[in-house]
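Below, chain A is the first sequence line, B the second, and so on; all start at residue 1.
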There are 2 protein chains.
Amino acid sequence: MPFSVATTAPTVAPVPMPEAPVIEKIAAEKSRCSTCSARAKGLCAALTPEQLPELAAASRPGDLLSANLVVNEGEKAEAVFTVVSGMLKLYKTLPDGRQQITGFATVGDVIGLAVGESYAYTAETVTASTVCRVSRASLARLMERNPAVQGRLLAMTSVELSAAQDQILLLGCKTAAERVSSFLLASGRRSKRLVDGKPSVFLPMSKVDIGAYLGLRPETLSRVLRKLEDAGQITRLSNDRIRLDDLDGLEASATVSA
Amino acid sequence: MPFSVATTAPTVAPVPMPEAPVIEKIAAEKSRCSTCSARAKGLCAALTPEQLPELAAASRPGDLLSANLVVNEGEKAEAVFTVVSGMLKLYKTLPDGRQQITGFATVGDVIGLAVGESYAYTAETVTASTVCRVSRASLARLMERNPAVQGRLLAMTSVELSAAQDQILLLGCKTAAERVSSFLLASGRRSKRLVDGKPSVFLPMSKVDIGAYLGLRPETLSRVLRKLEDAGQITRLSNDRIRLDDLDGLEASATVSA
DNA sequence: TCGTCGGCTTGATCTAAATCACGGCGGCGG
DNA sequence: CCGCCGCCGTGATTTAGATCAAGCCGACGA
């Protein structure tokens, strides 16, 4: 078991390693971070090549199926996690069960940074994912030795804060149509995959989750998507992929309540 | 003029100093930060007594009447500001004029930290205020020389992020009554002033502003306040002060939609 | 192959909050 | 002292989105 987390479903068993001399295993372990898909992103980007073995020693990657919890709101914050692959949803829950998704995390994002003693939100995989665990103590040691790590953390937190304020604007002011259009455009800015020369977005999360992120019921989301499709601004290529056909039109829908 | 900012109303003229030898003025200027009401708060708390003269040299306090802009969304971010006294509202504006207040800033809070080139929001005084300007370059120099400053900045940004996520939960999930109760309780946690043995909150901003913060129209806010008053949970002592009579009741109103 | 189940979509109805309308009150200037 | 103006509160009405209800479709297991 790579590391233990509260789960609602079993983790994927680690792939059994083929026979190899111990010395090679250690070498592979030491260089793990240098070949990681998150190497150039998130916190890891602040590390020098020389520091990678240290990080490799302090971190532990783990594979999870979908619908697994990585951190749990209110629990003692012992570690942070870097997303190596997959997607997670971050959400807060009210006592009566209502949930608000505050964001989605993908490769390079850091999960579980806590102000106080405990996690402020729950993080749950929405697809099978790999996340890399670093204890708070290790992170603190890393920051001490390398001020660039702290700077990087500050930059990442600031970006997240800015995104959170955009979300506040969206939830406080915008209509359903504006929310959905804003979301599609923001998603499109990230995923650069083109389909037939048009940008498209990959949305592996359920419609309920997208609604919980935008402060909308799934029925409302469905209706808005239909309108956008009828208006020729989007095409639903599959259940989890939408092509953005008319960026200007979406931009208009995103601010002029239409 | 202490420093120039875009304003919608004239700043207060600096109080004319009584006659004093130049040498005393310089001494007073050097020790300004050590007697500042924000000394123990915000960024300044991370500075050693020895660094205060340096900060005094790099900063400039300025007095503003209410309804003045300190930073303007979209403008080039040249400096940050520490609130020394008074209260400001921070808001974002949509092209058609809708405004969402993302927070209120009081003594010790830092305004104008920007991720990129330009300010992400507008900051406007809601009461007469004093804010202390530090250029981005000076702040960068201060951080370089004293890693504690960067750490402090990270801590403050993290707290703000956490507050922003709470606000996302409020705007995405909660009913009008829940929003108002949550707001009153959160305000009460800050201002510890007791009236007749009960906590009370000082709300110098207009009802429109409170509404713009909670994602509600002022009419709705008014109706909810009336209900809370009729339920014996609050008393309106004056237009800008509310006494919280029943914290448990408010707590219930804040989460169980009532 | 069939049947079940859960997520998605669409239609009908309901409701919380927005909008519209108006009256009162307090501060400020004349 | 009076009159104006802007903020506040309250009632009447409207509406965007929630809720309720039902059918569709693809995935999965037997």
Side-chain angles (χ1 to χ4, degrees), chain A residues 8-9 65-67 89 94 96-100 126-128 170-183 203-230 234-242 253 256-258, chain B residues 8-9 65-67 89 94 96-100 126-128 170-183 203-230 234-242 253 256-258:
Chain A
T8 55
L65 291 178
S66 62
K89 57 179 175 181
L94 288 175
D96 65 354
R98 280 173 287 174
Q99 294 188 340
Q100 176 65 35
V126 302
T127 67
L170 181 144
L171 292 170
C173 286
K174 296 191 183 177
T175 65
E178 292 166 349
R179 294 180 197 197
V180 175
S181 302
S182 301
F183 172 69
L203 304 172
M205 66 293 264
S206 75
K207 307 298 176 204
V208 174
D209 284 345
I210 297 176
Y213 178 59
L214 299 176
L216 299 173
R217 300 290 125 184
E219 294 96 326
T220 303
L221 176 61
S222 182
R223 281 182 247 273
V224 171
L225 288 176
R226 163 130 306 283
K227 278 209 170 175
L228 291 176
E229 196 164 26
D230 288 349
I234 64 171
T235 303
R236 290 192 249 191
L237 302 171
S238 68
N239 192 34
D240 59 8
R241 184 165 289 278
I242 291 178
S253 307
V256 182
S257 81
Chain B
T8 55
L65 291 178
S66 62
K89 58 178 175 183
L94 288 174
D96 65 355
R98 279 172 288 173
Q99 294 188 340
Q100 175 66 34
V126 301
T127 66
L170 181 144
L171 292 170
C173 286
K174 295 191 184 179
T175 66
E178 292 167 349
R179 294 178 197 198
V180 175
S181 302
S182 300
F183 172 69
L203 304 173
M205 65 294 263
S206 74
K207 306 297 176 205
V208 174
D209 284 345
I210 297 176
Y213 179 60
L214 299 177
L216 300 174
R217 300 290 124 183
E219 295 96 324
T220 304
L221 175 62
S222 183
R223 281 182 248 272
V224 171
L225 288 176
R226 163 130 305 283
K227 277 210 171 174
L228 290 176
E229 197 164 26
D230 289 348
I234 63 170
T235 305
R236 289 193 249 190
L237 301 172
S238 68
N239 194 33
D240 60 8
R241 184 165 287 279
I242 291 178
S253 308
V256 182
S257 81

Whole-Å distance between D:dC7 P and B:Arg217 CZ? 15 Å

Under 3.5 Å, which protein N or O atoms sit close to an N or O of nucleotides 8-11 of chain C? Give each pair with its distance.
| from | atom 1 | to | atom 2 | distance (Å) |
| --- | --- | --- | --- | --- |
| C:dC8 | OP1 | A:Lys207 | N | 3.3 |
| C:dC8 | OP2 | A:Lys207 | N | 3.3 |
| C:dT9 | OP1 | A:Arg236 | NH1 | 2.2 |
| C:dT9 | O5' | A:Ser222 | OG | 3.3 |
| C:dT10 | OP1 | A:Arg226 | NE | 2.4 |
| C:dT10 | OP1 | A:Arg226 | NH2 | 3.1 |
| C:dT10 | OP2 | A:Arg226 | NE | 2.8 |
| C:dG11 | N7 | A:Arg223 | NH1 | 2.9 |
| C:dG11 | O6 | A:Arg223 | NH2 | 3.4 |

Expected output: side-chain A:Gln100 to main-chain A:Tyr213 donor-acceptor under 3.5 Å: yes

Check: B:Arg241 main-chain N/O paired with B:Asn239 side-chain donor or acceptor under 3.5 Å: no

Rounded distance (Å) that lies between atom C1' of C:dG6 and atom CG of A:Asp209: 14 Å

Do the side chain of A:Thr220 and the main chain of A:Leu216 share a donor and acceptor less than 3.5 angstrom apart? no

Atom pair distance, as rounded to whole Å: CD1 in B:Ile234 and P in D:dG9: 10 Å

Rounded to whole Å, how long is the line connecting atom CG of B:Asp240 with atom P of C:dG27? 11 Å

Among residues two or more places apart or on two chains, list those pairs meeting salt bridge (Lys or Arg N to Asp or Glu O under 4.0 Å) that have a residue in residues 216-226 of chain B. B:Arg226-B:Glu229, B:Arg226-B:Asp230

Mind checking B:Gly215 for me? I need base, sugar-phosphate or nothing, with any heavy atom below 4.0 Å counting as a touch. sugar-phosphate

Point-to-point distance, once rounded to the nearest 0.5 Å, from NZ of B:Lys89 to OG of B:Ser206: 6.0 Å

Quick one: B:Leu171 CG to C:dA16 P, roughly how many Å, whole number? 19 Å

Is any side-chain heavy atom of B:Ile242 closer than 4.5 Å to a side-chain heavy atom of B:Leu225? yes

